[in-house]
Amino acid sequence: MDMSAANRKGLSLFALIMIGLGSIFGSGWLFGAGQAAQVAGPAALVAWVIGAVFIGMIAMTYAEVGAAYPLPGAMARFGSISHGPVLGFVTGWAVWIATASLIPIEAIAGTQYMSSWSFGWARGLVADGSLTGTGMATALLLTVALWLACYWSVELLARANNLLTLVKFAIPVLAVGALIASGFHTDNFTAHGGFAPNGWSAVLTAVTASGVVFAFNGFQAVVNLGGNAKNPGRAIPLALVGALSLGLVIYLALQIAFLGAVPPERLAEAGGWNGINFASPFADLAKLLMLHWVVTMLQFGAFISPNGANIGNVASAAYLAQNLADTGFFPKKIAEVHPRYGVARPAMWLNLGFSVLLLLTVGHSWEALASVVSAAMVVSYLMGPIAVGVFRRTKPDLPRPFRLPAASVLCPITFAFAACALYWSKWPNTGKVAVLTLISVPIAAVVLRRRGEASLRRQFAPAWWMVAFLLWLALLSALGSAEFGGHGVIPGGLDITLVAVSAVGFYFWAVRAGVQAHRAGLPGPDPVLGAPAAGPVPGQRRPEPVGTVAS
């Protein structure tokens, strides 16, 4: 999808912030506070801060490489630019899977909140916490309806998104005020097991398994669509900081309001926070408090927020599929852009098929998909700090409108943080995501063999660190402490230490592999600098600029 074709003037900084904020305020605010409170109790507040810091660190690495390479769907291309085609496909596959999965999950979220409507047909959308047949059909209808809107016009949706985001921003703010005004119970923060009733391991689990990472994932839309901004080098980092900062403030306010508004007698009846399980958290809580106007507002917001967020998701997923086709690992036809509407329609058809498949197989509830999708998102984040490390060594002349400070220290720490977040998503989610990502490896081998590649060993050399990392982390997760779903072979404390320390080793292996790939010329011509990255890296001659950024 070529948004620049649809919007010749380019996105303004405000529009880019609105896209990021609009993607951040999807279904995460509707379910995240309730899910995090159930898992971690009042300490869910700490989970939101940890999640924001983690995503902020990841986002700043992508701010450097995204501003240097302001390409549509850029997150699917960094692996190819830094390590060559095989790792580019593996990481691009992971990013595509994570982003395309957001399309059905947002439709599921809207459907679950619709079940709180007073209409008889709406109450039949959900039963026992899962979508019924009617609910599945409704979620499918929402998915297809928004997909058709994007199918015909990206420019119209980009303009509508600004208004939708302002509405989505206002609704949670009003909900927070109403819940706090209805009666704020400070004892809820210390009763029933204290501030962290399920221990601090539950706080870490809440970061990934309860939708905290999922909620902040909207930052990817800024990176993937930032290439269409008027001044990408300035707009991308500023939009990331603006969207994430505003998102954190609102999410903390929502969590505080939820924790304080639950009636103490209801909390006692439930036996503590573990027993507070609302199908539509804020709407159900507002009903309990007899705040009928808030219920109506939330029902409206629950329809607008997920479907509004899907504007960025549909656009980003199409860009990512288009880039995978440009690399030759997906059929070339997928990258064909419609001359009038400026969208890669075959890519959109692919994403629609994937969305329907998820809906019909595992999309029975928001909770069922959120934990797995969050883990897949963490895998998609891995290339940010590694790309910064590789490009700092191999591309000293690359124009960098934004430079990550103390990158030599922050990049390995950020990668280790990402590894821990993946581990916190709990077994068997880690194993499922590892398998889902590594499916791309045999596909890459088949494609390269059909191309007539003589040496698969040479092509795969820069990608083995990723294969080993995912298998190693899945093994640690299976053997790790029971707090994170493992079998308890590795005791608590030692498991996280092993993950963090080994992740630093994998980071330096990955950077070294990228440097060697450039020496071998595997990444090919640089989309900004133009010259192929072959030959010795130290002291390399300055390449001639090509004048314009490839898109």
Side-chain angles (χ1 to χ4, degrees), residues 21-22 24-38 40-45 47-49 52 106 109-119 122-123 126 163-192 210-212 215-216 245-270 273 275-309 366:
L21 194 60
I24 287 173
F25 279 98
S27 59
W29 79 268
L30 297 169
F31 293 91
Q35 289 294 307
Q38 186 180 17
L45 292 167
W48 286 105
V49 175
E106 298 290 7
T111 304
Q112 281 191 223
Y113 257 80
M114 286 169 66
S115 68
S116 66
W117 293 0
S118 58
F119 305 108
R123 289 194 293 269
V126 177
L163 177 60
L164 288 175
T165 300
L166 291 174
V167 172
K168 290 190 296 180
F169 187 78
I171 289 175
V173 171
L174 290 172
V176 166
L179 290 175
I180 291 177
S182 68
F184 193 77
H185 310 287
T186 56
D187 290 345
N188 286 359
F189 291 82
T190 54
H192 303 285
S210 297
V212 175
F216 287 116
S245 298
L246 289 171
L248 175 60
V249 170
I250 299 301
Y251 276 121
L252 283 176
L254 284 164
Q255 188 68 71
I256 291 171
F258 183 88
L259 292 168
V262 174
E265 59 274 14
R266 179 62 181 267
L267 193 58
E269 292 173 4
W273 291 105
I276 299 296
N277 185 17
F278 295 128
S280 306
F282 282 104
D284 290 346
L285 181 58
K287 281 184 179 180
L288 195 63
L289 299 173
M290 305 297 288
L291 299 172
H292 299 297
W293 72 271
V294 176
V295 174
T296 302
M297 179 184 67
L298 288 169
Q299 288 171 340
F300 174 74
F303 184 79
I304 292 295
S305 292
N307 294 292
W366 188 90

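Heavy atoms only: backbone and side chains are in, while hydrogens, waters and symmetry mates are out.
Partners of W48 according to the side-chain hydrogen bond (donor to acceptor under 3.5 Å, both in side chains) rule, which considers only residues two or more places apart in sequence or in another chain, are Q255. For V249, the side-chain contact (heavy atoms from CB on, under 4.5 Å) criterion is met by no residue, not counting sequence neighbours. Here A52 pairs with F216, L248 under the side-chain contact (heavy atoms from CB on, under 4.5 Å) rule; sequence neighbours left out. Applying the ring pair (Phe, Tyr, Trp, His ring centres under 6.0 Å) test to F31 and every residue at least two apart in sequence or in another chain returns Y113, W366. Looking at residues two or more places apart in sequence or on another chain, you find no side-chain hydrogen bond (donor to acceptor under 3.5 Å, both in side chains) involving Q38.
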Please table the atom pairs, donor to acceptor, closer than 3.5 Å between any side-chain atom in residues 175-189 and protein atoms at least two apart or in another chain.
from: S182; atom 1: OG; to: L179; atom 2: O; distance (Å): 2.6
from: N188; atom 1: ND2; to: L259; atom 2: O; distance (Å): 2.9
from: N188; atom 1: ND2; to: V262; atom 2: O; distance (Å): 2.8

In residues 283-296, what donor-acceptor pairs under 3.5 Å come from side-chain atoms, sequence neighbours left out?
from: D284; atom 1: OD2; to: A279; atom 2: N; distance (Å): 3.2
from: D284; atom 1: OD2; to: S280; atom 2: N; distance (Å): 3.0
from: K287; atom 1: NZ; to: S116; atom 2: O; distance (Å): 3.0
from: T296; atom 1: OG1; to: H292; atom 2: O; distance (Å): 3.2

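With rounding to the nearest 0.5 Å, the separation of OH in Y251 from CD1 in I256 is 15.0 Å. Note that CZ of F258 is 9.0 Å distant from CD of Q35, once rounded to the nearest 0.5 Å. Atom CD1 of residue I276 and atom CD of residue E269 lie 9.0 Å apart, to the nearest 0.5 angstrom.
Heavy-atom minimum distance, A44 versus A37: CB-N, 4.0 Å.
Within the 4.5 Å cutoff, the side chain of V49 has heavy atoms near those of the L252 side chain. Between I250 and L254 there is a side-chain heavy-atom pair separated by less than 4.5 Å.
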